[in-house]
2 protein chains.
Amino acid sequence: MDLVIHQDKMNQIIDILKKNGLSITEGRVQILELFLQNEGALSHADIEKKTSAAFDRVTVYRTLQTFVEKGIVHQIPTTDNSILYGLCKDHCEAGHHHDEHVHFVCNNCNKTICLDDVTVPKVNLPKGFKPLQAAMVVKGFCDDCKFN
Amino acid sequence: MDLVIHQDKMNQIIDILKKNGLSITEGRVQILELFLQNEGALSHADIEKKTSAAFDRVTVYRTLQTFVEKGIVHQIPTTDNSILYGLCKDHCEAGHHHDEHVHFVCNNCNKTICLDDVTVPKVNLPKGFKPLQAAMVVKGFCDDCKFN
DNA sequence: TAAAACATGCAACATCATTGCAAATATATG
DNA sequence: CATATATTTGCAATGATGTTGCATGTTTTA
């Protein structure tokens, strides 16, 4: 393995992978690095582009799946037949995500941002419904694109 | 056209189509009927199954697209690479949906239900973010599956 | 009822996702 | 530090999903 990643960041990445019992491979390191340096969420296609297709599509799929299972990233629902993945900032554990923050999709720059400090509010469900998790996606114009 | 749909329902369906300036075709009638008799949301695949593939895949795609454009159904975000469509109960207009109700996905029966009476609460966004629409998906156990 | 407008089905194609398996890489062990 | 074991990767094949153009069929209009 031979990457141009700053030592600190590299240590952080290795730390995350080890903590989750994952072996350190070039693909996992590079993909995790993408998430760490990107404020927005990433799709499978984004990752392929940003890594210049250095890895097989299949590897990317499997890496994302592994990361979701381990609680390193979480999935963000979309209405366009894609899945977005966002870094779990807090304390997600394998199989148990605590990603109850609001996601923001900008209609202009099209970025999806995790608003880690905005938690999804509780809602009152009809009798008989038992909630376990909740996701919320807000669309509009982001901080950079507020020309409107 | 020759269907076994009760007269009242048929009138309702024709009414919806006419109100939206759509011609009355067998495909549109049957697909709209599915939505009216189903409490849950439907995916493209669901519709193909429930109509026993009576219509070409393309027709189903185009019908759903038309319904979304006219405000007859709305799209529901998912994390599984599919799009779900739910009937717009209220007063959606072409190009302008008012589907700000909560969607519920049951972890057991896997149905997605529009909770038309539960509106998506407003949240406070960080400075600079301008919200336009909001979607919310709650997962858990539904009224029928509350064995837990 | 005929003409015009519109919707459908087919075919071809493009994209996206999954699986099995052999080769390569990382980790554990002596 | 070298080797054995376990894990991960890439390739190939396949399947699922979504899109487009165009000829045909159906609905609506006049």
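First the proteins, then the strands, lettered A, B, ... as listed; each starts at 1.
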To the nearest angstrom, how far is [X] atom [atom1] from [N] atom [atom2]?
X	N	atom1	atom2	result
B/Ile13	D/dT27	CD1	P	15 Å
B/Asn20	D/dT28	CG	C1'	17 Å
A/Asp80	C/dC16	CG	C1'	13 Å
A/Phe55	C/dA24	CZ	C1'	14 Å
B/Glu48	C/dT8	CD	P	14 Å
A/Ile47	D/dT9	CD1	P	13 Å
A/Gln30	D/dG10	CD	C1'	16 Å
A/Glu26	C/dA26	CD	C1'	13 Å

Nearest to the side chain of [X], heavy atoms from C-beta on, is which of [options]?
X	options	value
B/Asp56	D/dG10, C/dT27, C/dC10	C/dC10
A/Tyr61	C/dG9, D/dT8, C/dA17	C/dA17
A/Val58	C/dT19, C/dA7, D/dT8	C/dT19

Return yes if the base of D/dG10 and the side-chain atoms of A/Arg57 contain a donor-acceptor N/O pair under 3.5 Å, otherwise no.
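Check fails, no donor-acceptor contact within cut-off.
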Between A/Ala45 and B/Gly21, which has a closest nucleotide on DNA chain C that is more 5'?
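Between the two, 5'-proximity favours B/Gly21.
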Nearest heavy atom decides the nucleotide; on that basis, is B/Leu22 or B/Asn81 closer to the 5' end of DNA chain C?
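Closer to the 5' end of DNA chain C: B/Leu22.
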May I ask you to evaluate whether A/Thr25 reaches the phosphate of D/dT9, defined as a side-chain N or O under 4.0 Å from OP1 or OP2?
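So the side chain of A/Thr25 is within the cut-off, an N or O lying under 4.0 Å from OP1 or OP2 of D/dT9.
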Under 4.0 Å from OP1 or OP2 of C/dC6: is there any side-chain N or O of B/Ser23 that close?
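So the side chain of B/Ser23 is outside the cut-off, no N or O lying under 4.0 Å from OP1 or OP2 of C/dC6.
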Stepwise, does the side-chain contact (heavy atoms from CB on, under 4.5 Å) test hold for B/Ile76 with A/Thr79?
CA-CA 6 Å; B/Ile76 301 168; A/Thr79 50; 6.0 Å; no
Distance check, rounded to the nearest 0.5 Å: A/Leu87 atom CG versus A/His74 atom NE2?
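Separation between the atoms: 8.0 Å.
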Report the residues that fulfil side chain to side chain contact (heavy atoms under 4.5 Å, CB included) with A/Ile83, sequence neighbours left out, ordered by chain and then residue number.
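Only A/Gln75, A/Tyr85, B/Asn81 meet the side chain to side chain contact (heavy atoms under 4.5 Å, CB included) criterion with A/Ile83.
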Do the side chains of B/Lys146 and B/Asp143 get nearer than 4.5 Å, heavy atoms only?
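In short, these two side chains touch, coming nearer than 4.5 Å.
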Do A/Phe129 and B/Ile113 have side chains that approach each other closer than 4.5 Å (heavy atoms only, starting at C-beta)?
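SC-SC contact between A/Phe129 and B/Ile113 confirmed.
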Look at all strands and tell whether A/Arg62 reaches a base, only sugar-phosphate, or nothing, counting heavy atoms closer than 4.0 Å.
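The residue A/Arg62 makes base contact.
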For a quick check of understanding: with a heavy-atom distance under 4.0 Å over all strands, which category does B/Arg28 fall into, base, sugar-phosphate or nothing?
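It contacts sugar-phosphate atoms only.
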Taking the nucleotide of DNA chain D with the closest heavy atom to each, which residue, B/Lys18 or B/His44, is nearer the 5' end?
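In this pair, the answer is B/His44.
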